[in-house]
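Within every chain, numbering begins at 1; the chains are lettered A, B, ... in the order of the sequence lines, protein sequences first and strands thereafter. In this text, all values refer to a predicted model and were calculated from it rather than measured experimentally.
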There are 2 protein chains.
Amino acid sequence: MTELNEQEIRNYMLEALEEANNARLIDEVPIGAVVVKNGEIIGRGHNLREHGQDATMHAEVLAIIEACEYLHSWRLWDCQLFVTIEPCLMCSGTIINAQIPSVYFGARDPKAGAVRSLYHVLEDDRLNHQVTVEEGILAEKSANLMKQFFKEIREKRKKNK
Amino acid sequence: MTELNEQEIRNYMLEALEEANNARLIDEVPIGAVVVKNGEIIGRGHNLREHGQDATMHAEVLAIIEACEYLHSWRLWDCQLFVTIEPCLMCSGTIINAQIPSVYFGARDPKAGAVRSLYHVLEDDRLNHQVTVEEGILAEKSANLMKQFFKEIREKRKKNK
């Protein structure tokens with residue numbers, strides 16, 4: 001499997017952050033993800049839950065579906081997933097089902113994170129697939145995007161009162 | 001919210017079993033699901049992972065996506081989900097994200113079940129949504145469909161050796 005160096009990891013996370021920003025621009029919670037194989041981005045996604053009115057449209061799920069389509073395979077072996085915020089249960093389960101070996105994420109999600117905050121499902125050796133996890137990549141940028149987004153929402157709500 | 005009686009619960013599970021059988025007929029792992037609202041089935045799905053070559057194509061996810069489309073909403077409030085086998089992490093997370101209040105399932109999945117076997121995520125009060133769970137509905141039928149399916153696979157493999 002391709003070993004990534006620090007600069008590569010940073011660069012792919014910047015691509016995930018670009019996706020997060022695409023979500024922000026259309027007033028979706030700003031989370032972005034990319035799937036990489038052999039140095040190539042083969043899936044991209046950003047949160048589209050409100051635009052799609054579909055509970056499954058998280059960044060990671062959309063990036064994984066695109067990668068499966070690209071490879072014509074539900075098995076994303078030798079792939080890395082980069083996501084700006086810690087995956088929730090649904091997205092962590094999708095990562096496991098797609099048998100992705102490595103996940104890099106930015107900031108933790110203390111309310112719904114299933115990789116480090118509330119659960120450690122990606123490293124659960126009772127399941128038939130385990131994932132190598134690296135967290136904290138450009139975490140401040142991801143966290144700031146989220147903070148700014150929710151701050152703006154609160155300000156809009158105040159104005160409309 | 002609509003309260004379902006035993007006969008109704010049984011009938012919706014038979015619909016989920018019909019979906020499971022649709023999977024079996026095309027050599028997919030035989031799991032089926034339906035989403036019900038106000039006595040009407042608004043989403044149906046059966047496992048399509050191999051045909052779709054997409055890791056997300058579990059019965060529950062497909063039924064939930066169809067129900068979201070039908071309601072033009074990612075929130076499946078006042079809905080019930082029926083599924084023949086205990087949901088995995090991905091599907092349980094999807095149920096939580098769609099805020100489905102009630103889940104009925106047939107047989108447990110000791111290797112990947114996230115509702116009773118390995119985890120109890122639907123009843124985790126640290127998350128922002130909890131689900132009422134009833135298990136064991138026509139469980140033997142669901143379990144037999146699975147057993148028969150895997151038995152046939154083993155027999156086919158033996159023949160091809």
Side chain, backbone, both or neither of A:T94 within contact of chain B (heavy atoms, under 4.5 Å):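 Answer is both: backbone and side chain atoms of A:T94 are under 4.5 Å from chain B.
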Chain B contact via A:L76 - side chain, backbone, both or neither, heavy atoms under 4.5 Å: neither
Flag the one option from [options] with the top tally of heavy-atom pairs under 4.5 Å to chain B.
options: A:S73, A:G93, A:A98, A:C88; value: A:S73
options: A:D124, A:I96, A:N128; value: A:D124
options: A:M57, A:R49, A:E69, A:R126; value: A:R49

Portion of B:S92 that has a non-hydrogen atom of chain A nearer than 4.5 angstrom: neither
Worked verdict on A:K111 versus A:E86 for salt bridge (Lys or Arg N to Asp or Glu O under 4.0 Å): CA-CA 10 Å; A:K111 287 187 183 162; A:E86 182 183 3; over 6 Å; no
Geometric class of the A:Y104/A:F82 ring pair [parallel <30°, tilted 30-60°, perpendicular >60°]: parallel
A:A55 versus B:C68, closest heavy-atom pair with distance: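 Shortest heavy-atom contact: N-SG, 3.8 Å.
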Check: A:N160/A:R157 side-chain N/O donor and acceptor closer than 3.5 Å: no
Side-chain H-bond candidate by donor/acceptor type, B:E18 with B:N22, under 3.5 Å: no
